[in-house]
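Structure first, commentary second.
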Number of protein chains: 2
Amino acid sequence: MTQERSLPPVVERMWGREPVPRRGPRPRIDLPAIASAAIEIADAEGLPGVSMASVASRVGVAATALYRYVGSKEELLTAMADFVVPEPPEPAGRPWRDYLALWARAQRDILLEHRWLLPIARLTPPLGPRRLLWLDRLLAALDGMGLDEGEKINVASSLAGYALTDVALVTTAGGGDAQFEDTGIDGADAYGEVLAGLLDPRTYPALSAAVRGGALRGAEGWADDDDFRFGLELLLDGVEALIARRASEGEVGGK
Amino acid sequence: MTQERSLPPVVERMWGREPVPRRGPRPRIDLPAIASAAIEIADAEGLPGVSMASVASRVGVAATALYRYVGSKEELLTAMADFVVPEPPEPAGRPWRDYLALWARAQRDILLEHRWLLPIARLTPPLGPRRLLWLDRLLAALDGMGLDEGEKINVASSLAGYALTDVALVTTAGGGDAQFEDTGIDGADAYGEVLAGLLDPRTYPALSAAVRGGALRGAEGWADDDDFRFGLELLLDGVEALIARRASEGEVGGK
DNA sequence: ACCTGAACACCGTTCAAGT
DNA sequence: ACCTGAACACCGTTCAAGT
C-alpha cells in the first residue's frame, strides 16, 4: 500500500531526518541554519538578494558547500517556504467559521511579513512539516460537518489561495512593487489616475466608469482590511451553503 | 484631476503608442514581435528558456537591441502576460452567474495553456489593454446588481485568484512540476503515498485520516474539473449571498 | 564525510561605437 | 534613431582536490 518512495534528501532534512553519517568531520552547518540565513536575507533584501553565494557567506561556508544540503536553489526556496511558517492556531473549541477566518487571516499575515513568499508559495505543494500542520488543523476544524475529505482539502486550497491573492493585491496597490518603484505609480491613487488616462470609455465602458467613480482612489478603497474581510466572507458563505446542502442530503441519504 | 503621469515606455507600447520617431532607419522590430517570440519560447521550453539572448535571437537581433523596447527583463515578462491574453467572452445577454463562471473558466484555460504565466501573473497589476478588457467585461456583467464598484473589483480579484490557485494545484498534482520530475513524485497518487509515509498520526491526526482515506488517491479525487467547479460554485454562492444582502438593504435605504 | 577552490557556461545590463 | 559588439559583474552548478 504505502510503499516506500525515495524522497529528495532535502525533504528528509525538512523533517529532521539527517542521513546519520557518523564518519568524517562533524558537519558545521545544517538545513535549518541554511534556511534561516536565506530567510533573513530575503526579509531584508527581497528574493533577488538570495543567491547561493550570499546565503553561504552568511552561514559561513563556501557557496558550493550548500549543495550537500540542497540539490538546487529551487530546493532551497522550497525549504525556506516551509521553515518560515510558524505554528498554526489551534481549532479546539472554536466554531468552524471562526477558525477558518482566523486561519486565513493568519496565513495572510505571514505573507505580509514575508512578501518574497508570493512567487514561491504558488508553485510548491506542501511537503514540509510546518505547512502540512496548517492543512491538518484546517481539516480538523471542518470535522463532523458532513464534508468529505476531498471537499475539505478544496476548502483549504481556496482559503490559502485567497490569502495569496489578497496579499498580491495589497503589495501592488500599496506600493513597494519594484516594477513601479520609479515610475510615479506607487499606490492606488496613482494606479487609478494612470488607468483613467489610458482607458477609452468606448472600449472599456464599465471599467472607465468604475475608475472615474473613484473605485481605485484612496488606499482605503482598495485592498485594505475591509476588502480582505469582504472576499473572505464571500468564501465562508459559500462553505456554509455547502455544509447546509450536505446536511439536507444526509437526511434523505445522499451519496 | 486625471493629471498626466509619465508612464514606463513599455506600457505606452503595450497600448500601441509608439514614440513617433521619424528620423533615422526604420525599426526592424517592435514590442508585439518581441512579446510573441518570448511567448513562443515560453510555451515550448518554459520560463527558464526565456532569456534576453534567446528572445533576441528568435526575433533576429542582438540581445542588447531589446533594451530599446523594454527597460528590463521584468518588463518583458509583464508585456508577455498581457499579449498572451485573448479577447474575453462577451457578457451581453447572459445571466451574471453564468458569465462569471464562463469568465473564470476561460481564465483558467488560458493559464492551463500557458503555465509559465503562474509565477508572473501574481505580481503584476493589470496595466495592459488585454488584461484590462477582461476586467471591464466582468464589471459590466455585474452591472445593476446593487454592488458598488469596489465590490465588483473585489469579486473580479477573487475569481481571477481562484483560477490561479486551481491551475497551480493542477500543475502540481497532475505532474509536470519540475521540482518533482525525477523523484518519483509525479502525480496525486505518488503525492498521497509520500504523505502517508511522512505523517505521524499523532501530530497530524486529521490529515493522516484524510490521506489514508484516499482523499489524494487517483487523479479524479484531486484538482480535476469537478474540483474546479466546486470551488467556483463556492465563490459564486458567496457573490449571490452578497447580492441578496445588497438588494434587501436597498429596500430600506442602505448606504 | 565535509568543505574548498577553480572552472564552466550562462545571465542581465552598460555603454561606446557604427550606420 | 536603431542596432551591434565588447565588456562587466554576477549567477547556479560541476568536479577534482584537500583534510
Side-chain angles (χ1 to χ4, degrees), chain A residues 8-10 12-13 17-34 37-38 41-42 45-80 116 119-120 178-179 181-182, chain B residues 8-10 12-13 17-34 37-38 41-42 45-80 116 119-120 178-179 181-182:
Chain A
V10 68
E12 300 277 5
R13 270 188 249 259
R17 304 183 189 168
E18 292 295 325
V20 287
R22 294 293 182 263
R23 176 139 358 168
R26 240 194 20 359
R28 299 214 304 263
I29 56 178
D30 56 15
L31 185 60
I34 294 169
I41 294 172
E45 308 171 31
L47 222 41
V50 178
S51 69
M52 299 303 275
S54 69
V55 173
S57 117
R58 175 173 266 260
V59 90
V61 296
T64 51
L66 300 185
Y67 286 91
R68 197 152 282 279
Y69 300 87
V70 294
S72 66
K73 186 183 181 180
E74 202 176 332
E75 284 190 2
L76 172 58
L77 296 175
T78 303
M80 288 170 68
W116 48 268
I120 303 178
Q179 183 129 198
E181 202 90 297
D182 34 42
Chain B
V10 70
E12 301 276 4
R13 271 188 249 260
R17 303 183 189 170
E18 293 294 323
V20 288
R22 294 292 182 264
R23 177 141 354 169
R26 237 185 37 350
R28 300 214 303 264
I29 55 179
D30 55 14
L31 184 60
I34 295 170
I41 294 173
E45 309 170 32
L47 223 41
V50 178
S51 68
M52 300 303 276
S54 68
V55 173
S57 118
R58 174 173 264 260
V59 89
V61 296
T64 51
L66 300 185
Y67 287 92
R68 198 153 282 280
Y69 300 87
V70 294
S72 66
K73 185 182 182 181
E74 201 177 331
E75 283 190 2
L76 170 58
L77 295 175
T78 303
M80 290 170 68
W116 47 268
I120 302 178
Q179 184 128 196
E181 202 90 296
D182 35 42

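Numbered from 1 within each chain, the chains take letters A, B, ... in sequence-line order. What you see is a predicted model, and the numbers here were worked out from it, not measured in a lab.
Regarding Y67(A), its OH atom lies at a distance of 14 Å from the C1' atom of dA7(C), rounded to whole Å. Residue D30(A) contributes atom CG, which lies 15 Å from atom C1' of dC3(C) at whole-angstrom precision. Counting to the nearest Å, the P atom of dT13(C) and the CG atom of L77(B) are 10 Å from each other. Between L31(B) atom CG and dC2(D) atom C1' there is a gap of 16 Å when expressed in whole angstrom units. Atom CD in E75(B) sits about 13 Å away from atom C1' in dT13(C), given to the nearest Å. Rounding to whole angstrom units, CD of residue E74(B) and P of dC11(C) are separated by 18 Å. Whole-Å rounding puts the M52(B) CE to dC8(D) P distance at 20 Å. Taking atom NZ of residue K73(B) and atom C1' of nucleotide dC11(D), one finds them 12 Å apart after rounding to whole Å.
Residue I29(A) is classed as a sugar-phosphate contact, given heavy-atom separations below 4.0 Å to backbone atoms only. Nucleic acid contact class of A62(B) (heavy atoms, under 4.0 Å, all strands): sugar-phosphate only.
At a threshold of 4.5 Å between non-hydrogen side-chain atoms, the residues T78(A) and V10(A) do not count as touching.
Here the shortest heavy-atom pairing between G60(B) and R28(B) reads O-NH2, 4.3 Å. Nearest approach of G49(A) to E45(A), heavy atoms of both residues: CA-OE1, 3.7 Å. Pairing each heavy atom of A37(B) with each of R58(B), the nearest pair is O-CD, 3.6 Å. Of all the heavy atoms in V59(B) and A33(B), the pair that sits closest is CG2-O, 4.0 Å.
Judged by distance alone, with hydrogens and angles left aside, the side-chain atoms of Y69(A) form no donor-acceptor pair with the main-chain N or O of L76(A) at under 3.5 Å. Here the side chain of E75(A) pairs a donor or acceptor atom with the backbone of G71(A) at under 3.5 angstrom.
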### Query
For DNA chain D, what string of dots and brackets results from 5' to 3' when Watson-Crick and G-U pairs need both distances under 3.5 Å, crossing pairs get [ ], and pairs with another strand get |?
||.|||||...|||||.||
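The side chain of R28(B) places an N or O atom within less than 4.0 Å of a non-bridging phosphate oxygen (OP1 or OP2) of dT4(D). Applying the 4.0 Å criterion to OP1 and OP2 of dC3(C), one finds that Y69(A) has a side-chain N or O inside that range.
For dG5(D), its base sits under 3.5 Å from the side chain of T64(B) at one donor and acceptor pair at least.
Taking every side-chain heavy atom of P25(B) into account, dC2(D) is the closest of dC3(C), dT4(D), dC2(D). The side chain of S51(A) sits closest to dC11(D) out of dG12(C), dC11(D), dC3(C). You'll find that the side chain of P27(B) is closest to dC2(D), out of dC2(D), dT4(C), dT13(D).
Partner of V55(A) under the side-chain contact (heavy atoms from CB on, under 4.5 Å) criterion, out of V70(A), V61(A), V50(A): V50(A) alone.
Heavy-atom distances to DNA chain C give each of G49(B) and A65(A) a nearest nucleotide, and the one nearer the 5′ end belongs to A65(A). Positionally, the nearest nucleotide of DNA chain C for A63(A) lies more toward the 5' end than for the other of S54(B) and A63(A).
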